[in-house]
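Worth knowing before you read on, the calculation uses all heavy atoms, side chains too, and leaves out hydrogens, waters and symmetry mates. A note on names: the letters A, B, ... follow the listed sequences, proteins ahead of strands, and every chain is numbered from 1.
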Number of protein chains: 2
Amino acid sequence: MTEIRRGATATRRSTGTPETHGFIGTQRDEEPAESSGGQGPVMAEGHEAATLLRESRASVDPELRSAIASLPDSMRRIALYHFGWQHADGTPATGNAGKAIRPALVLTAATALGGPTARAAAGRAAAAVELAHNFTLLHDDVMDRDVTRRHRPTAWTVFGDADAILAGDALQALALRLLAADPHPASAAAAARLSDCVMELCEGQHVDTALEGRPPGEVTLDETLAMAEAKTGALLGCACALGALYAGAAPEDVEALDAFGREAGLAFQLIDDVIGIWGDPRHTGKPAGADLAARKKSLPVVAALTSGTPAAAELAELYAAPYDEDKEDLERTALVVERAGGRDWAQAQAADRMARAMQELARAVPAPEAAGGLLALAEFVTRRST
Amino acid sequence: MTEIRRGATATRRSTGTPETHGFIGTQRDEEPAESSGGQGPVMAEGHEAATLLRESRASVDPELRSAIASLPDSMRRIALYHFGWQHADGTPATGNAGKAIRPALVLTAATALGGPTARAAAGRAAAAVELAHNFTLLHDDVMDRDVTRRHRPTAWTVFGDADAILAGDALQALALRLLAADPHPASAAAAARLSDCVMELCEGQHVDTALEGRPPGEVTLDETLAMAEAKTGALLGCACALGALYAGAAPEDVEALDAFGREAGLAFQLIDDVIGIWGDPRHTGKPAGADLAARKKSLPVVAALTSGTPAAAELAELYAAPYDEDKEDLERTALVVERAGGRDWAQAQAADRMARAMQELARAVPAPEAAGGLLALAEFVTRRST
């Protein structure tokens, strides 16, 4: 599961989507603003997303902190560390619990379909989604042996595998507990939906690992897209659907909001994969071409490998051996992916997914002023520097 | 988490508890009967437990199989293997999914407090408890590096750590999903209770690992008992409480049944620990003294270590070094634990816990004919060969 990368700034995208809904704007969240081609109305959208995220954090943090405070001692300690609210020794930390885009989606979806009353009612559901997300982060970090999360050592590197697994288990239970204890009439449907989503996330993580273990020539684009939808799209869709449920929306509107979140999530993953190859290390905090060095079968790479072009054969040959910094120039490998059409495909796909997301949103929330918040959030997560 | 060991036969216990409620009887479950001091009325209790377990399995298996069938492909495959219903290659297996004592407790508690109607309503809750139990088994086996479960290689040895963790995560989600989708008025309270229990199980597993890592002289009996209650008692208590909830029982009766299950669970753990030291390998399937060789800080060992006797000092010295089969006779070490009072304490504690369990049961279910099933199950799990 990929956390939304921070510090990326906006550039004009090269393909698709109507201008007013394009991946344009500046990022003005907690990160210092970078100068880029900001424009009036789009700047306003960037501001709107930042405001939504800030307001959402302000609503959700007390719920989250109170829920985490109810955990048994050791589980609480690991959770507080993971959320960035405590150091490993238990002393308070200033905290970097991530952007919390998922609870913002819950609350903004609730507002879009049910106004402030629905937003106020959906606080626990928003916290539940964020807890479920963080449970998957704790476990994924163990499985993927990732050592850094939100600029800090991952929980398993500090507390060991067993405790990181247990804390993840406890956060999953806590997420469902919040919904089970919520008297709102939508809470049971929300719990069922969140549980279904967790199963899909598990399958997505399994398939991701399985795909990475298979020879590059045997991986299809369809299964890579399906994996990305399960691993990333599912929870963004679930977050939007939960907001709709708490607004008492009609079943078809709940499904439309789920589809909106899924499509936006796929767009996000496509852009994230583009950044993983062509991203500016000054903004991404990762070395350029890191995903290529790791031989990651990200979406642009699989698109390139399956393109049937001469560059595809060249890329397959490079991917057949581990990366050797003395023999391989990653910028050149990135160029091979680009020549095979991987970059253009990913950007066109992202645009296509965002267009579909807009269609789904317009179906459930036809009034532009009501849909604006969700739109701003969707653009925020896909508005990234390449 | 300890699975209830199979193949143990009954012996007359040496201490405590009224005769008719003692740990006496023959085991007539799926295992071949062994000749032991069976008596008329007690034989009937042994039969009753076996019948309850068989009937419970017949009710719960369809729920379990249908729930597992709803899992995404890979998660389903691992779950079916873990439950013994498929071989690793996906072909059907005759199955050994364990005794399923926990769902039997749910259904029997529901019957005790609400008759056949409550029993019929509690089917999903029973399956949910069994799924939650199996989620913890999958994860505990990964953490403890246990290679055998129910006479088969554990899931992580077959599918790898990551997939065993993911399948556990998916089973937890599935357990809560069953309750979320259950229209019964008690389902939300049951989900909240099961979630709380999962958090307690996580903490129990954490404390268990932490205690095993500490010097023997620094471990107290109280914290070992608290750990055993969290790790083993909590879920047995939760199972009984869920049955009571589905019977529409009064809050104090729900709590009394939780306490009954917890106390019976502790009695079970105490007897299990006694078997781990003095059990007959022909019945336990484990070498005699296995827990001593592993330097396990089981309840009789901690009782011995903290007894202040000369034997305690002798045991502490032995436990200060890893077991060396050339230098140490495990039978002699077992005798040291016994001389330090570890065995007598554990058996007296087990009797005491069973007596408390009976009191709690009598409070919630005064009529002996209604309480009989729960009593039979409690005795079944604690009726073990030493």
Interface moiety of B/L174 toward chain A, non-hydrogen atoms closer than 4.5 Å: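 Interface part for B/L174: both.
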Can you tell me which of B/A210, B/A175, B/P72, B/A190 forms the most heavy-atom pairs within a distance under 4.5 Å of chain A?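 Looking at each of B/A210, B/A175, B/P72, B/A190 in turn, B/P72 comes out on top.
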side-chain contact (heavy atoms from CB on, under 4.5 Å) against A/A191, all qualifying residues, sequence neighbours excluded: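 Partners of A/A191 by the side-chain contact (heavy atoms from CB on, under 4.5 Å) criterion, ordered by chain and then number, come out as A/L176, A/L179, B/A180.
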What residue, out of A/I165, A/V207, A/V198, has the most heavy-atom pairs lying under 4.5 Å from chain B?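 Most heavy-atom pairs within the cutoff with chain B belong to A/I165.
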Go through chain B and chain A and list any donor-acceptor pairs closer than 3.5 Å, backbone and side chains both.
| from | atom 1 | to | atom 2 | distance (Å) |
| --- | --- | --- | --- | --- |
| B/S74 | N | A/E203 | OE1 | 3.2 |
| B/S74 | N | A/E203 | OE2 | 3.1 |
| B/S74 | OG | A/E203 | OE2 | 3.1 |
| B/S74 | OG | A/H206 | NE2 | 2.9 |
| B/M75 | N | A/E203 | OE1 | 3.3 |
| B/H139 | ND1 | A/D169 | OD1 | 3.0 |
| B/H139 | ND1 | A/D169 | OD2 | 2.7 |
| B/D163 | OD1 | A/H206 | ND1 | 2.8 |
| B/D163 | OD2 | A/H206 | ND1 | 3.1 |
| B/D169 | O | A/Q172 | NE2 | 3.3 |
| B/D169 | OD1 | A/H139 | ND1 | 3.0 |
| B/D169 | OD2 | A/H139 | ND1 | 2.7 |
| B/Q172 | OE1 | A/A173 | N | 3.2 |
| B/Q172 | NE2 | A/D169 | O | 3.3 |
| B/A173 | N | A/Q172 | OE1 | 3.2 |
| B/R177 | NE | A/D196 | OD1 | 2.6 |
| B/R177 | NE | A/D196 | OD2 | 3.1 |
| B/R177 | NH2 | A/D196 | OD2 | 2.9 |
| B/D196 | OD1 | A/R177 | NE | 2.6 |
| B/D196 | OD2 | A/R177 | NE | 3.2 |
| B/D196 | OD2 | A/R177 | NH2 | 2.9 |
| B/E203 | OE1 | A/S74 | N | 3.2 |
| B/E203 | OE1 | A/M75 | N | 3.3 |
| B/E203 | OE2 | A/S74 | N | 3.1 |
| B/E203 | OE2 | A/S74 | OG | 3.1 |
| B/H206 | ND1 | A/D163 | OD1 | 2.8 |
| B/H206 | ND1 | A/D163 | OD2 | 3.1 |
| B/H206 | NE2 | A/S74 | OG | 2.9 |

Distance in Å, A/M75 CE paired with B/L201 CG, rounded so as to fall on 0.5 Å steps: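 Reported value, rounded in 0.5 Å steps: 11.0 Å.
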